[in-house]
*Asks:* 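First the structure, which I've put down as structure tokens, then a few questions once you've had a look.
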Amino acid sequence: MPELPEVETIARGLAPELEGRTVTGVVVRETRLRAPLAPDFARRLTGRRLGRMGRTGKYLLTPLDDGRVWLVHLGMTGRLTLGGLHRVALVHDHVALVLDDRRTLVYHDPRRFGRLDVMAAAEIAGIVGPGIDALDVSLTASWLFARSRGRRTTAKALLMDQHAIAGLGNIYVSELLFRAGVRPRRRAARLSREDCERLIAAMRTVLSEAIARGGSSISDYRDGFDRAGSFQNEHAVYDRAGQPCCRCATAIRNIVITGRSSFYCPSCQR
Ligand SMILES: [Zn+2]
């Protein structure tokens, strides 16, 4: 599932290509996404000039010249690919935007958990939610410490809660917990101020390193030009159960927390 670094990589790649382009047509082949595509989706986008694509949490947001915003969430397996006009339509290519430079931007999503919409700028906050973006400078150790007090949840669940912090998922939470030396199952309420400082520092480092490497391509993820990322080669714990820890050689463990695999080193993480 694309997380912050993957969505950020797509936004940074596509933004300069799309900004100022006009959508001359929209082809809809499949409307049955997680939230069904609005019947007037194509009409709302056709003729609009695109502003600069940006990212909030795991959402791609592109302002339009009529004051509305084009929103994309890639769900589990969504891809947004910029290509030539004569790209052959593949199975699972659900929506294509045709641009005035004769290129197309294709939304491809085998599992159809994604979302595409056009809405008023004022409605965006209600969709994106109240979580602070994981790269927002206002996300500090003090904020995390305050937020974790009295919480009857695990450190991992708190970091993955999109209503608290937006943009993190299983891969990057596993990696940042390892770097901070915190076990995924540690009670959030038991995190010390120092733990929170290490968690926030680890979060920023892991995310910026991952963005620099174009994100992690575990199975489906590709950027806006159909290129894989390479941060999966740097994972210390994610998907490495049974392999030796890069710091201490103890075998990495995999436990299930709220239905999701959680990878950690039992010696480096407390
Ligand atoms: Zn270790």
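We count ligands from 1, going down the list as the structure has it; atoms in each ligand are counted the same way.
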*Asks:* Is the charged tip of R149 near the ring of F145: under 6.0 Å from the six-membered ring centre and within 45° of its axis?
*Replies:*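 Pair R149/F145 counts as cation-pi.
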*Asks:* Evaluate the ring planes of H94 and Y107, with Trp represented by its six-membered ring, and classify them as parallel (under 30°), tilted (30 to 60°) or perpendicular (over 60°).
*Replies:* tilted
*Asks:* Any chance you could measure T9, atom OG1, to R222, atom CZ, to the nearest 0.5 Å?
*Replies:* 13.0 Å
*Asks:* Tell me whether R247 forms a cation-pi arrangement with F178, defined as NZ or CZ under 6.0 Å from the six-membered ring centre and within 45 degrees of its axis.
*Replies:* yes
*Asks:* Would you find more than 12 non-hydrogen atoms of other residues, nucleotides or ligands less than 6.0 Å from R186 atom CZ?
*Replies:*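 Check passes, neighbour count above 12.
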*Asks:* Test: side chain to side chain donor-acceptor pair (under 3.5 Å). Region: residues 232-241. Which pairs qualify, not counting sequence neighbours?
*Replies:*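 Counting only pairs at least two positions apart or across chains, the side chain to side chain donor-acceptor pair (under 3.5 Å) contacts touching residues 232-241 are R213-E234, S216-H235, R240-Q243.
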*Asks:* Which protein N, O or S atoms lie under 2.8 Å from the Zn ion (ligand 1)?
*Replies:* C245 SG, C248 SG, C265 SG, C268 SG
